[in-house]
Protein chains: 2
Amino acid sequence: MTDDGSRVTALDRVLELTVLLGRDMATSLAASGLTVARTTLLWQLRATGPTTQRALADALGVSARNVTGLVDGLVAAGLVSREQHPADRRATLVTPTARGEELLDELGRGQAELAGQLFGGLSGERLEGLVSALDDVLERLRALVPHGAAVEEAP
Amino acid sequence: MTDDGSRVTALDRVLELTVLLGRDMATSLAASGLTVARTTLLWQLRATGPTTQRALADALGVSARNVTGLVDGLVAAGLVSREQHPADRRATLVTPTARGEELLDELGRGQAELAGQLFGGLSGERLEGLVSALDDVLERLRALVPHGAAVEEAP
DNA sequence: CCTACACCGTGAAGTCACTTCACGATAGCA
DNA sequence: TGCTATCGTGAAGTGACTTCACGGTGTAGG
């Protein structure tokens, strides 16, 4: 196969992975009554702690208005609460509830389990090669995309 | 790093790739007035030729009703046309128009270009390792997902 | 002090991708 | 000649997004 063909093949694999993984995440989250977008927000919260909606919007790369809706959903599900910002009365701090934290732990375990299922069959060497290659690709991709937000992953 | 940690890292990379690549595709397609879903359908058509909407629904793994809407959009954009099925008067054959074929060629070139930009920096050996590792992962993933549709990729 | 101006979150309205349910038209088989 | 399965689509609804407009608030500058 030509070099060019191999590269297209690689892109094909990555795209198929994208589709399948997206489907898997959507369905497994749906089983917990969650959606991908809301979970991404919750996951982000796990990394940053109580956060302003504006900051969440920037972190997720979506509009502030959209964050309002996502937080609405999470509040309705009892996973986060809106608290007043101590210094800025305009802002609200989105904070995980106890149930939210619990769920996050569960999601973290699910993520580890999935990682094991997907990559458990690869030798340490092959896994290392995969990660390093993906890092290279990601670097190039970040340069290509205008300026993507700080991307945090969800299980 | 522990094996387990490495696997989670790998999953993180894959998920970040997913997000970034999705963003890139959406924006670059939007520049041509297209959406990802519609383009996926058109791309599928390139592989199969004139196809029944029902078959498209199965191939893309979405409801038949959704295909109706996507085809509506593509027809409005002048990229496909609905022709009557020669043997079954219930069915319609979705067929790319000349402009649709043209656009598909363009998309194919764009895909090859993107593949070059993303994977051009990897040696043949590393690229081969990447594809082989992704194939392994995909196999496991396919076993995990109930029964995903035949996935065809779009640029 | 107080007047601009920038910023926070949200209502309103709209787009797109998706779903299920119901229904008319057709195909195919007993 | 009916029974039934199938093709496509209207109706209605959900979720993730967007932009635009607006009220409440912080933060300078004069």
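Just so it is clear, the model here is predicted, and its values are computed rather than measured. Below, read A as the first sequence line, B as the second, and so on, with proteins coming before strands; counting in each chain starts at 1.
If you measure from atom CE of A/Met25 to atom C1' of D/dA16, you get 14 Å, rounded to the nearest angstrom. Separating the CG atom of B/Leu34 from the P atom of C/dC16 is a distance of 12 Å, rounded to the nearest angstrom. The nearest whole Å value for the distance from the CD atom in A/Gln84 to the P atom in D/dG26 is 11 Å. Residue B/His85 contributes atom NE2, which lies 12 Å from atom C1' of D/dT6 at whole-angstrom precision.
Remark on DNA chain C: of its neighbouring residues B/Ser63 and A/Thr51, the 5'-side contact belongs to A/Thr51, judged by nearest-heavy-atom nucleotide. DNA chain C is contacted by both B/Gly69 and A/Leu93; A/Leu93 maps to the nucleotide lying nearer its 5′ end (nearest heavy atom per residue).
For B/Glu128, the CD atom sits in a loose shell: 12 or fewer heavy atoms of surrounding residues, nucleotides or ligands are nearer than 6.0 Å.
Residues A/Thr40 and B/Val19 form no side-chain contact, since every pair of their non-hydrogen atoms from C-beta on lies 4.5 Å or further apart. For the pair A/Leu15 and B/Met25, the minimum side-chain heavy-atom distance is below 4.5 Å.
Results of the side chain to side chain contact (heavy atoms under 4.5 Å, CB included) test with B/Val71 over B/Asn66, B/Leu41, B/Leu79, B/Leu45 single out B/Leu41 as the only residue that passes.
Note on B/Leu122 and B/Leu134: same hydrophobic cluster, where clusters join Ile, Leu, Val, Met, Phe, Trp and Tyr whose side-chain heavy atoms are under 4.5 Å apart, directly or indirectly. Cluster annotation: B/Val62 is connected to B/Trp43 through the hydrophobic network of ILVMFWY side chains, with a link wherever side-chain heavy atoms come within less than 4.5 Å. Residues B/Leu20 and B/Leu118 are members of one and the same hydrophobic cluster, defined by side-chain heavy-atom contacts under 4.5 angstrom among Ile, Leu, Val, Met, Phe, Trp and Tyr.
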Which nucleotides of nucleotides 22-30 of chain C have their base under 4.0 Å from a protein heavy atom (B), which only their sugar-phosphate (S), and which neither (-), written as one string 5' to 3'?
-> ---BBS---
Taking protein heavy atoms under 4.0 Å as touching, what does nucleotides 9-15 of chain D look like 5' to 3' if B marks base contact, S marks sugar-phosphate-only contact and - marks none?
-> BBB---S
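For residues 93-110 of chain A, the set of pairs meeting the side-chain hydrogen bond (donor to acceptor under 3.5 Å, both in side chains) definition, not counting sequence neighbours, is empty.
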